[in-house]
Amino acid sequence: MTARIIDGKAIAQELRTEWKARVDELKSGGLTPGLAVIIVGEDPASKVYVGNKVKACAEVGLYSEHIALPADTQESTLLAKIAELNVDPAIHGLLIQLPLPSHIDSQKVLEAISPNKDVDGFHPMNVGALVTDTTLFPPCTPSGTMKLLEKMGIEIEGKHAVVVGRSNIVGKPMALLLLHKNATVTICTSRTVNLGKYTRDADILVVATGKPQMITGDMIKPGAVVIDVGINRLPNGKLVGDIDFESAKEVAGYITPVPGGVGPMTITMLIANTIQAAERAKRQE
Ligand code: NDP
């Protein structure tokens with residue numbers, strides 16, 4: 001069997017084109033959705049991510065502000081900038097690129113963002129609301145994965161979904177979103193004994209470990225839907241996921257490639273959350 005490839009790049013493009021119409025409608029009513037992205041320091045990967053976010057926003061007609069602060073920025077300066085953007089009517093979404101330098105308390109910073117502009121969905125209020133399926137902003141990578149499943153017409157209810165990884169930004173919210181769609185969910189971690197026992201039983205397998213190619217074809221149930229969240233750069237420069245694509249695609253029913261699977265969906269959902277925040281602001285005018 002050779003798996004059907006889930007083309008995240010094409011699906012992301014289709015959604016961005018569709019959502020541009022929502023942006024145009026807001027603009028014709030005199031409101032341009034705006035996103036502010038704050039980056040502290042010079043981390044090269046973070047700079048690439050921020051650049052991509054700003055570029056994608058421009059493509060769909062969003063206004064975006066890229067605020068680059070030096071690595072030695074004081075926590076109080078960053079908090080003051082956030083307070084300013086929280087009340088800026090041109091800004092509907094605000095995100096802080098992580099990781100922050102170690103002298104800054106990341107949790108304190110995330111809590112300073114207005115929950116109404118928290119398009120990354122990391123504010124404790126939105127994290128709590130995610131548990132009850134009432135969050136304003138589901139975190140972008142897991143919600144992008146859900147969108148891929150929806151677009152591919154993959155049934156979730158009653159299926160056994162196994163999520164490998166329990167980070168606050170991917171694994172845990174992913175498990176909750178699958179649970180809200182009535183999957184039976186198992187979460188595996190680095191402490192799981194006999195990981196293959198669980199992955200081989202998964203109808204839907206989502207892997208977010210940051211361990212290159214750790215899930216091989218023999219760990220996958222024939223016909224399963226396999227979602228690879230991982231992005232890893234090998235010493236030879238090649239970009240790979242957490243799944244060994246070559247062996248996995250011979251067993252899986254559906255599979256996401258890396259790059260071009262989940263990756264493009266993350267920024268797409270950031271755009272969606274920003275448009276939604278602007279639409280909400282419009283309703284409250
Ligand atoms: P974290 O390092 O925060 O979490 C990794 C998780 O994987 C942990 O819960 C860890 O378990 C678990 N884990 C590690 N090794 C194993 C193992 N051998 N078996 C089972 N579980 C294991 O990573 P993130 O969640 O932030 O990111 C995961 C991957 O996804 C990375 O490659 C990252 O680059 C990528 N990513 C991609 C995005 C995208 O847009 N496509 C966005 C965000 C991340 P434990 O808790 O026990 O330590």
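One-based numbering, in listed order, for ligands and for the atoms of each. Just so you know, these numbers use all the heavy atoms, side chains as well, and skip hydrogens, waters and symmetry mates.
- Near Gly165, meaning under 4.0 Å from one of its heavy atoms, ligand 1 places the atoms 6 (C), 7 (O), 9 (O), 12 (C).
- Heavy atoms of Asn232 found under 4.0 angstrom from ligand 1 belong exclusively to the side chain.
- Residue contacts with ligand 1 for Met214 involve side-chain atoms from C-beta outward but no N, CA, C or O (heavy atoms, distance under 4.0 Å).
- By the 4.0 Å heavy-atom criterion, Gly263 is counted among the residues contacting ligand 1.
- In Lys211, the part holding a heavy atom less than 4.0 Å from any atom of ligand 1 is the side chain.
- Only side-chain heavy atoms of Thr141 come within less than 4.0 Å of ligand 1; its backbone N, CA, C and O stay farther off.
- Nearest protein heavy-atom contact of atom 7 (O) of ligand 1 is Thr209 CA, 3.3 Å.
- Residue Ile169 has at least one heavy-atom neighbour below 4.0 Å for each of these atoms of ligand 1: 26 (O).
- For Ser247 and Thr216, the side-chain atoms include no donor-acceptor pair closer than 3.5 Å.
- Any N or O atom pair closer than 3.5 Å counts here, and Thr266 shares at least one such pair with ligand 1.
- Between Arg22 and Glu25 no salt bridge is recorded (no basic side-chain N to carboxylate O distance below 4.0 Å).
- Looking from atom 44 (C) of ligand 1 to the surrounding protein, the closest heavy atom is Val170 CG2, 4.0 Å.
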